[in-house]
Amino acid sequence: MNVELLLQLVVNGLILGTLYGVVAMCFTLIYKASQVVNFAQGEFLLIGAWVCWWLLTEFQLPFYAGFLLTLVFMMVFGIVLQVLVLRPMIGEPVISVIMVTIGLSIFFQAIMKWLFGVFTQPFPPIFPIRSVDIFGLNVQPAYLMSMVISLLIMAGFAWFFKYSRLGLAMRATAFNQQVAQSLGISVKQMFAVSWAISAMVSALAGVVFGIVNGVSPALSFFGIKVFPAVILGGLDSIVGAVVGGLIIGVLENLAEYVDGQWLNLGNLYAIAPFYALVLILMIKPYGLFGTEKIERL
Amino acid sequence: MAQTAVAGETEAATQVALAVNNIEVVYDEVILVLRGVSLEVGKGALVTLLGANGAGKSTALKAISGLLKTEDGEVTRGTIALNGERIDHLAPETIVRRGLFQVMEGRRIVEDMTPIENLRLGAYTRRDSEIGADIEMVFSYFPRLKERTGLAGYLSGGEQQMLAIGRALMARPQLMLLDEPSMGLSPLLVNEVFAIIRQLNRDLGITMLLVEQNARMALRCADYGYIMESGKIVLDGSAAELSNNEDVKEFYLGGGEQRKSFKNLKSYKRRKRWL
Ligand SMILES: Nc1ncnc2c1ncn2[C@@H]1O[C@H](COP(=O)(O)OP(=O)(O)OP(=O)(O)O)[C@@H](O)[C@H]1O
Ligand SMILES: [Mg+2]
């Protein structure tokens, strides 16, 4: 057995897993606040990464400026999307809203391909060194940054929902919209805020991932990969989303290890999470942390 | 007619906190639930609205607080005014900002939050720096809440009701609508909750409109009362008048059993102010 490779893959899995966790959190945020299953979550990463890339390469902005501008853009984008597209759908059947978000996903993918092409574009180098050595493992600084940023975001979410006025109001909205309104909370405003935060943070994840692997249409795959993580965690649990993301990240890499060492199927990396998903749904239909709603037939 | 009545009442009108004029409420565009309800709550008063199950009491409160709009209900006729300004077309969150706060039936606290988080939510519409002090003030009225640090969903029914009232206090309302605060509480707790409601009304000067099934308790602490049946006000008067009224005694306070409903009584025509 190749212990060093195994260790390397576990570390990769954890790093990628925290990023999955962040995107899964964003997905869950929208679902909890506004009961919308957002199939366009992956496109938030895609758009964020392309916009940031474009600002950095086209206008030669320093990274921080381009990055901040991207976040501002995504905040506005999230709000506009919610107000113009999702708000008129309030009260429509769940399946109609899902069709709309699937439509948005396809639409944004097409637009991004049209604007930026289908080829992978590298980010301008942000770190002067290629890799750092941690306990004998090779880690790209971008990966480290990804990990640190992801953890910061998670801490930020925890703080936001525990202590901020807006965070409490969003939790109240998720608990019961009528109760929230009776407290003076504008539910529509909370929907818009949840989309804004979700778009911003997803874009951040997109930029981080783009820095490591370059920007390409493949980024929107994140949106699909996040599904096993979210469902594993239980769809409406923020903590569950993080744990689910971590598990999926590690699982992917372990699957690659097993595949590379013994099976040689060549595609286990990509589909292992979905096997895990099916398995888990059979054992725990509401995920590891989800609210159980018993439906009797 | 109506003109002169209004003119004659301008003096009094400045003292009116809430004026509900002849409202009609329809659910799902077909179910007529309130059929011309009028009531008035003076500034600083504690007024109770009594009636049997399904009379439309909660509907009346939700019409006033605007929460009806979240249930496919609509005020199709009449007006509602808070301090002389119409509020019937406003969104519920705007009405809260105007100083009217409803404590809904069944407590409706946020179960997956702690009591303190619930209290902070009550202050959502405020931006001042006295929120911490007000939390302490709520704890001084409800000391037992302070010891509960777990999730509010695990509180006892009485504690949840206290939390619901405390959360309303956090909004610093001028007018509080309370929907059946005694529901599901032991007699001892009912006494405690009513004593606190009365105290809040006196100490903090919060005007209250109290919906109750427990007519005896409600009339004991209220100044004035309305009695509702099948979506109409059938009787109103001071708490003392109502307590001594033979029919109120009979139907709401327990007693004789000759008549079945106010509907059969010719003598209880509602005072016609709007016709
Ligand atoms: N959302 C709704 N949609 C349709 N009908 C409703 C709705 N809410 C209440 N109703 C109907 O309106 C009538 C009055 O209900 P309401 O809840 O106002 O009564 P209540 O006086 O508060 O009764 P209780 O003392 O049992 O709380 C009932 O017949 C009820 O079925
Ligand atoms: Mg009721």
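A note on names: the letters A, B, ... follow the listed sequences, proteins ahead of strands, and every chain is numbered from 1.
For M113(B), the parts sitting under 4.5 Å from any heavy atom of chain A are the backbone and the side chain alike. When heavy atoms are compared at a cutoff of 4.5 Å, E111(B) approaches chain A by way of both its backbone and its side chain. For R97(B), the part lying near chain A is the side chain, with the backbone staying farther off; criterion is any non-hydrogen pair under 4.5 Å. Contacts between R127(B) and chain A at a heavy-atom distance below 4.5 Å involve the side chain alone, from C-beta outward. In this structure, chain A has no heavy atom under 4.5 Å from any part of I95(B).
Proximity to chain A at a heavy-atom threshold of 4.5 Å picks out nothing from residues 141-153 of chain B.
For E180(B), there are no salt bridge (Lys or Arg N to Asp or Glu O under 4.0 Å) partners at least two apart in sequence or on another chain.
Residues R108(B) and Q178(A) form a side-chain contact, since some pair of their non-hydrogen atoms from C-beta on lies under 4.5 Å apart.
Here L119(B) contributes atom CG and L168(A) contributes atom CG; the two are 11.0 Å apart, rounded to the nearest 0.5 Å. Summarising the geometry, atom CD belonging to E93(B) is positioned 9.5 Å from atom CD1 belonging to I185(A); distances are rounded to the nearest 0.5 Å. Taking CD1 of I109(B) as the start and CG of N176(A) as the end, the distance is 12.0 Å to the nearest 0.5 Å.
Closest of all the heavy-atom pairs between D112(B) and R171(A) is O-NH2, 3.3 Å. Listed here is the closest heavy atom pair of A172(A) and V110(B): CB-CG2, 4.4 Å. The shortest heavy-atom contact between R120(B) and S164(A) is NH2-N, 4.3 Å. Closest of all the heavy-atom pairs between Y124(B) and L166(A) is OH-CD1, 4.1 Å.
Each of K62(B), M104(B), Q102(B) was scored for a side chain to side chain contact (heavy atoms under 4.5 Å, CB included) with S182(A), with one residue passing: M104(B).
With chain B as the partner, the residue from Q177(A), R165(A), K162(A) showing the most heavy-atom pairs under 4.5 Å is R165(A). Across A171(B), P92(B), S65(B), G66(B), the residue that shares the most heavy-atom pairs under 4.5 angstrom with chain A is P92(B).
Under a cut-off of 6.0 angstrom, the local environment of NZ in K69(B) is crowded, with over 12 non-hydrogen atoms contributed by other residues, nucleotides or ligands. Around CG of L14(A), the count of heavy atoms belonging to other residues, nucleotides or ligands within 6.0 Å exceeds 12. Within 6.0 Å of atom CE in M99(A), 12 or fewer heavy atoms from other residues, nucleotides or ligands are found, so the atom counts as exposed in its surroundings.
Inspection of the Q181(A) and T70(B) side chains reveals no N or O donor paired with an N or O acceptor under 3.5 Å.
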